[in-house]
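One is the number of the first residue; the rest follow in order along the sequence.
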Amino acid sequence: MHELVKDYYGKQLSGSADLKTSACCDASSVPAWLRPLLANIQPEVLQRYYGCGLVSPPLLESCRVLDLGCGSGRDVYTLAQLVGARGEVVGVDMTEEQLAVAEQHRAWHAERFGFANVRFLHGYIERLDELDLEPDSFDVIVSNCVVNLSPDKAAVLRGVRRLLKAGGEFYFSDVYADRRVPESVRNDPVLYGECLGGALYWNDFLRLAHARGFNDPRLVEDRPLAVTDPELLSRTQGVRFFSATYRLFRLEGLESACEDYGQAVVYRGTIDAHPHRFVLDKHHDIGTGRAFPVCGNTWRMLNETRFAPHFDFIGNFDRHFGLFEGCGGNLPFGAGAQTAACC
């Protein structure tokens, strides 16, 4: 599958307009605070972008960030502006043609930003241990519509956990299916290249995350995908696909379920570009200045990570009240209207 993917993204596609589905493109509205950053990116880098969501979590100043499957570098150069001169962004990709575009414009971006804080590595995201990357050295790892292309997703998560610092997070967009993808879909070269054939059944992804030490994966946002090519649509055999952004925290104390300890948090409104609210995930939209009840896992995700200075914390773990109300196990994605092609 590696050779298929390298050929598809390195040779078959010349730009995002060549895509046949809306899987590997970004239908999310770009927030106002991010638009000036995208305006600072070289046009060829933007034109060779094949991601499926925004992978720019808040509060990245001075962080060390790794981008898995960085392609031509759009997200690397976006994140470089967010981490600033004291941070660093490393991009990893296996496709030489894409990396060549990213490298070609490195000096251009350094001059534009006023600092040089990025580097690119040629390698495979399943074999991160073979690269010049120190364990426990990254605050945040991101990936944009790439993990589904990997034939060994367990190895990817294992490598991610090894490289994250304690309290670090894997913040990534990817494609998921509402059921296990049939073999004919998995082996279809175009559907695989379009990020559908390799999509995990969402519940299998949750099981895999737990098995690799990432308890309580948090869904940030999602959207249904449309296969806009009628002939390709007939080959999907009725499987529904979704683009979704998850965040996985490397925290030792996370439990496999959301347990209630009577805790709450108060957001101070002190994170840049987020003065009125902080969105941890799809179910935790925390307004500034108001006590917000949380489970023990959410407490740890805020108290034992880079977000801690921006919250006040109420309660502790001394008393347990059972399962936190509202925890369920149904399809987490919104059905919504099918999203048309957006690239």
Side-chain angles (χ1 to χ4, degrees), residues 1-19 23-26 37-38 40-56 64-83 87-113 115-134 137-138 140-153 155-156 159-160 163 170 172-174 192-195 198 343:
M1 286 300 181
H2 282 151
E3 295 306 314
L4 182 155
V5 173
K6 286 195 285 187
D7 178 74
Y8 199 72
Y9 286 90
K11 297 181 173 61
Q12 302 302 318
L13 300 179
S14 60
S16 56
D18 295 332
L19 294 165
C24 292
C25 57
D26 184 9
L37 308 185
L38 292 176
N40 285 332
I41 296 176
Q42 208 277 340
E44 184 182 9
V45 170
L46 290 174
Q47 194 260 341
R48 294 292 295 265
Y49 164 69
Y50 305 119
C52 66
L54 298 173
V55 287
S56 299
R64 191 160 187 257
V65 180
L66 175 65
D67 182 7
L68 303 182
C70 64
S72 62
R74 189 207 80 155
D75 290 343
V76 168
Y77 290 122
T78 302
L79 295 165
Q81 299 172 74
L82 293 172
V83 304
E88 182 187 26
V89 185
V90 180
V92 173
D93 204 275
M94 67 178 181
T95 308
E96 291 89 345
E97 292 87 351
Q98 289 281 79
L99 282 180
V101 174
E103 286 282 4
Q104 178 184 346
H105 301 294
R106 191 144 62 112
W108 187 95
H109 288 97
E111 182 177 357
R112 184 92 168 192
F113 302 160
F115 50 82
N117 64 348
V118 308
R119 64 187 175 109
F120 297 97
L121 299 174
H122 179 261
Y124 296 88
I125 63 173
E126 305 89 351
R127 306 205 297 261
L128 295 172
D129 57 334
E130 297 178 0
L131 303 178
D132 182 24
L133 300 171
E134 289 294 319
S137 64
F138 286 96
V140 176
I141 297 177
V142 302
S143 180
N144 204 330
C145 203
V146 170
V147 176
N148 72 88
L149 297 171
S150 170
D152 191 349
K153 297 170 178 62
V156 176
V160 165
L163 292 175
F170 184 27
F172 70 112
S173 293
D174 214 73
Y192 201 95
E194 291 278 335
C195 302
C343 294

- Decide if the gap between the ring center of Y49 and the ring center of Y77 is smaller than 6.0 angstrom. no
* Is there side-chain contact between V92 and D67, with at least one heavy-atom pair below 4.5 Å? -> no
* Asked: Is a side-chain N or O of K153 found less than 3.5 angstrom from the main chain of G198, in a donor-acceptor match?
  -> yes
side-chain contact (heavy atoms from CB on, under 4.5 Å) for L68 and V147? Distances and angles first, verdict last. CA-CA 8 Å; L68 303 182; V147 176; 5.6 Å; no
What one should report as the nearest heavy-atom pair of L46 and R74 is CD2-CG, 3.6 Å
Notebook entry, point to check: Looking at side-chain heavy atoms only, is the closest gap between H109 and V45 below 4.5 Å?
Noted result: yes
For L149 and C145, the nearest pair of non-hydrogen atoms, with its separation, is CD1-O, 4.0 Å
Nearest heavy-atom approach of S137 to R64 is OG-NH1, 2.9 Å
Of all heavy-atom pairs linking R48 and V101, the shortest is NH1-CG2, 4.1 Å
Side chain to side chain contact (heavy atoms under 4.5 Å, CB included) with F138: of V65, V90, V89, only one passes, and it is V90
* Any chance the side chains of H105 and E44 put a donor and an acceptor closer than 3.5 Å? -> yes
Any heavy-atom pair between the side chains of F170 and S143 that's under 4.5 Å? yes
Fill in: Pair F120-R106, side-chain contact (heavy atoms from CB on, under 4.5 Å): steps then yes or no
CA-CA 10 Å; F120 297 97; R106 191 144 62 112; 3.9 Å; yes
| Min side-chain heavy-atom separation S56-L79 under 4.5 Å | yes
Under a 4.5 Å cut-off applied to non-hydrogen side-chain atoms, are C70 and L99 in contact?
yes
Determine, for R119 against E88, whether the closest basic-nitrogen to carboxylate-oxygen distance falls under 4.0 angstrom. yes
Which of V156, L66, D93 passes side chain to side chain contact (heavy atoms under 4.5 Å, CB included) with I125? Answer is V156
Check whether any side-chain heavy atom of H122 lies under 4.5 Å from a side-chain heavy atom of T95, and answer yes or no.
no
Assess, by modelled atom type and distance only, whether the side chains of Q98 and S72 contain a donor and an acceptor separated by less than 3.5 Å. no
Report task. Start with the C-alpha distance between F172 and V142, add both sets of side-chain angles, then the distance that settles side-chain contact (heavy atoms from CB on, under 4.5 Å), and finish with yes or no. Result -> CA-CA 5 Å; F172 70 112; V142 302; 5.8 Å; no
Minimal heavy-atom distance between G91 and V76, with the atoms involved, is CA-CG2, 4.0 Å
Separation between CD (Q42) and CD (Q47), nearest 0.5 Å, reads 10.0 Å
Between the CG atom in N117 and the CZ atom in F113, the distance rounded to the nearest 0.5 Å is 7.5 Å
Closest non-hydrogen atoms of V146 and D174, given as atom of the first, atom of the second and distance, are N-OD1, 3.2 Å
